[in-house]
Amino acid sequence: MEVLILLAVLFGALALIIPLIERSKMRISEEDTAKWAKWIWPLMGILLIVQLLRMLFS
């Protein structure tokens, strides 16, 4: 039952937030997008290593 409540809350939040974001006038330039995108894979690698270490030592 708790899972259904959690899913309902998440769906409700998405239904509320998505229209607000679409109406927003804030836009991100391609240069900023590229700057942020180059950090994604290194951060994902660090996250994977940390998760493996947590799994091994817990």
Side-chain angles (χ1 to χ4, degrees):
M1 187 65 182
E2 292 176 5
V3 173
L4 294 176
I5 294 171
L6 179 63
L7 287 173
V9 169
L10 289 174
F11 181 75
L14 280 175
L16 179 71
I17 291 173
I18 288 175
L20 291 175
I21 291 174
E22 287 177 348
R23 277 190 245 140
S24 171
K25 300 296 179 196
M26 188 181 87
R27 298 290 179 243
I28 300 173
S29 69
E30 289 189 25
E31 293 86 16
D32 288 337
T33 305
K35 186 169 50 172
W36 285 99
K38 72 178 181 181
W39 286 95
I40 297 295
W41 289 112
L43 289 174
M44 291 298 289
I46 292 169
L47 178 65
L48 179 63
I49 291 169
V50 169
Q51 290 294 326
L52 287 172
L53 290 174
R54 285 183 63 195
M55 190 172 64
L56 290 174
F57 293 114
S58 63

Atom pair CD1 (Ile21) and CG (Leu16), whose distance is rounded to the nearest 0.5 Å: 10.0 Å
Under 4.5 Å side-chain linkage, directly or through intermediates, the cluster mates of Leu7: Val3
Transitive ILVMFWY cluster of Trp36, excluding itself - 4.5 Å side-chain cut-off: none
What donor-acceptor contacts under 3.5 angstrom involve side-chain atoms of residues 38-58, with partners at least two apart or in another chain?
{"from": "Ser58", "atom 1": "OG", "to": "Arg54", "atom 2": "O", "distance (Å)": "2.8"}

Pairwise salt bridge (charged side-chain N to carboxylate O under 4.0 Å, His left out) hits with a residue in residues 2-29, at least two apart: none
Qualifying residues under side-chain contact (heavy atoms from CB on, under 4.5 Å), relative to Ser29, sequence neighbours excluded: Glu31, Asp32
